[in-house]
Amino acid sequence: MAIGRETVENLLKLTKPKWRTSITKVEPNRIITRGYPQDDLIGNISFPEMVYLLLKGELPHEKQAKMLEAVLVSFCDHGVTPPSTQVARIMASTGAPMNTCVSGGVSSFGKHHAGALERSMRILQRVIKEGVNSNGPHSSSGDLKNSALMLVEQFLEKGDKIPGFGHRFHDKDPRPGKLIKTAKKHGCFGIHSELAVYIENLLLEMKGIRMNIDGANAGILSDMGFDWKLGTGVFIIGRVPALVSHIHEEKSVENSFRKFVEVDDIYYNGLECRNSDSNRNELNTSK
């Protein structure tokens, strides 16, 4: 028996997978984000408040909004020193469009650049939730100090760096102090930040190493309830405006096809001229 077209269409509707989201609902002439009409949000909340709403599902209190704003500003730029900015500017010099250059910069974020925030958040959240050796959570000042000491000793014994501490350029990153001061002002300095400070005190005494921007923001964002998996995403939100700015500057004032290294500066340490014909003869002979 032949199956009618209507029956086939109904079957497809039943079996076709559907996208599911609790973030934004789009209908004709209506957009609802986390339960709020977007036209009501426009002009009534700040960009950091919108970011908070999207990521956490609720509008932040005023102090939380101010703190997230400070975090995003702290990530804004580090000049042309990071590989991501250099990648974006080199791409811009080739004539690549803005979106391609931005994606190139963002795609260059990895373990050694922009990944420390997420790893630091994960460590701080794990220690607070489970303890260093999964012996249970630690909450008192004494417990936190012991946890910090155990954590530092574990990393030092392995010869590993603790993400969020030390900086390739600054021996004293100018941003963490202001961030911590701001967090205390807005009531966002909690147990995770306290643990980060204890770690810094130990590293400073043992190795002369201070907290960097990632360590400070790892503690603050954790105290604000952000999951560590959002770490790199928050960094991207803060850094993209700088990438756009650098790309625009590169296209506007620099020569095209700019290189950061000249041919004369390239040291070649490979094989010198080989004769392809003789190589083929040797291969044929060996067969």
Side-chain angles (χ1 to χ4, degrees), residues 47-48 50-52 54-55 67-124 160-179 196 209-222 224 226-262 265-266:
F47 181 67
M50 188 64 180
V51 171
Y52 190 102
L54 285 167
L55 297 183
M67 190 67 246
L68 182 57
E69 182 178 55
V71 168
L72 295 176
V73 168
S74 73
F75 283 134
C76 67
D77 194 26
H78 204 271
V80 192
T81 63
S84 57
T85 307
Q86 295 176 16
V87 167
R89 293 193 70 133
I90 288 177
M91 291 178 68
S93 77
T94 70
M98 175 67 76
N99 61 303
T100 303
C101 299
V102 171
S103 66
V106 171
S107 296
S108 67
F109 293 155
K111 178 181 178 181
H112 302 297
H113 172 39
L117 173 64
E118 194 166 287
R119 298 202 311 278
S120 185
M121 288 177 67
R122 184 178 188 180
I123 290 170
L124 295 178
D160 294 335
K161 295 180 180 179
I162 303 178
F165 299 86
H167 198 283
R168 60 189 170 77
F169 192 82
H170 309 288
D171 56 11
K172 185 178 180 181
D173 191 329
R175 298 164 291 184
K178 184 60 179 291
L179 282 164
I209 294 174
R210 299 176 184 273
M211 185 189 302
N212 62 35
I213 185 178
D214 295 313
N217 280 328
I220 292 167
L221 289 170
S222 296
M224 292 178 70
F226 285 91
D227 190 290
W228 64 266
K229 299 182 188 71
L230 288 169
T232 302
V234 173
F235 177 83
I236 291 171
I237 294 169
R239 184 54 63 89
V240 162
L243 291 176
V244 172
S245 179
H246 280 282
I247 292 163
H248 179 66
E249 181 181 70
E250 186 70 31
K251 288 177 174 289
S252 300
V253 302
E254 298 294 345
N255 295 325
S256 60
F257 204 73
R258 192 153 69 105
K259 303 180 290 293
F260 287 150
V261 60
E262 297 298 329
D265 297 324
I266 300 173

Identify the two heavy atoms, one from V87 and one from G104, that lie closest to each other, and give their separation to 0.1 Å.
-> CG1-O, 3.7 Å
What do the steps show when you test S74 against N217 for side chain to side chain donor-acceptor pair (under 3.5 Å), and what is the final call?
-> CA-CA 9 Å; S74 73; N217 280 328; 3.0 Å; yes
Rounded to the nearest 0.5 Å, the CG atom of L243 sits from the CG atom of D77 at a distance of 8.0 Å
In terms of heavy-atom contacts, M67 and L179 come closest through CE-O, 3.9 Å
Who passes side chain to side chain contact (heavy atoms under 4.5 Å, CB included) against D171, sequence neighbours left out?
-> none
Locate the shortest heavy-atom distance separating D265 from V261; write the atom from each residue and the value.
-> CB-CG2, 3.7 Å
Is a side-chain N or O of K251 found less than 3.5 angstrom from the main chain of A96, in a donor-acceptor match?
-> yes
Interatomic distance, OG@S222 vs CZ@R122, rounded to 0.5 Å, equals 12.5 Å
What is the minimum heavy-atom distance between M121 and G231, and which atoms define it?
-> SD-CA, 3.7 Å
In chain order, what residues pass the side chain to side chain contact (heavy atoms under 4.5 Å, CB included) check against P97, with sequence neighbours excluded?
-> N99, T100
Kindly say whether G166 contributes a backbone atom to a donor-acceptor pair with the side chain of N212 at under 3.5 angstrom?
-> yes
So, for M98 and I247, which heavy atoms are closest and what is the spacing to 0.1 Å?
-> SD-CG2, 3.6 Å
Output for pair (L68 CG, L221 CG), nearest 0.5 Å, gives 7.0 Å
Could you please spell out the steps behind the side chain to side chain donor-acceptor pair (under 3.5 Å) verdict for S84 and H113?
-> CA-CA 8 Å; S84 57; H113 172 39; 2.7 Å; yes
Answer yes if the ring centres of Y52 and F226 are under 6.0 angstrom apart, and no otherwise.
-> yes
Working to the nearest 0.5 Å, report the span between CD1 of I213 and CZ of R175.
-> 3.5 Å
Contacts under 3.5 angstrom, residues 232-240 side chains, donor-acceptor by atom type, not counting sequence neighbours:
unit_1 : atom_1 : unit_2 : atom_2 : d
T232   : OG1    : E118   : OE1    : 3.1
R239   : NE     : F75    : O      : 2.8
R239   : NE     : C76    : O      : 3.4
R239   : NH2    : F75    : O      : 3.3

Which residues pass the side chain to side chain contact (heavy atoms under 4.5 Å, CB included) test with P163, sequence neighbours left out?
-> A116, R119, S120, I123, F155
Partners of R89 by side chain to side chain contact (heavy atoms under 4.5 Å, CB included), sequence neighbours excluded?
-> V80, T85, H246, E249, E250, E254, R258
Report the residues that fulfil ring-ring contact (aromatic ring centres under 6.0 Å, His included) with H170, sequence neighbours left out, ordered by chain and then residue number.
-> H78, H167
Test item: S245 side-chain N/O and P241 main-chain N/O as donor-acceptor pair under 3.5 Å = no
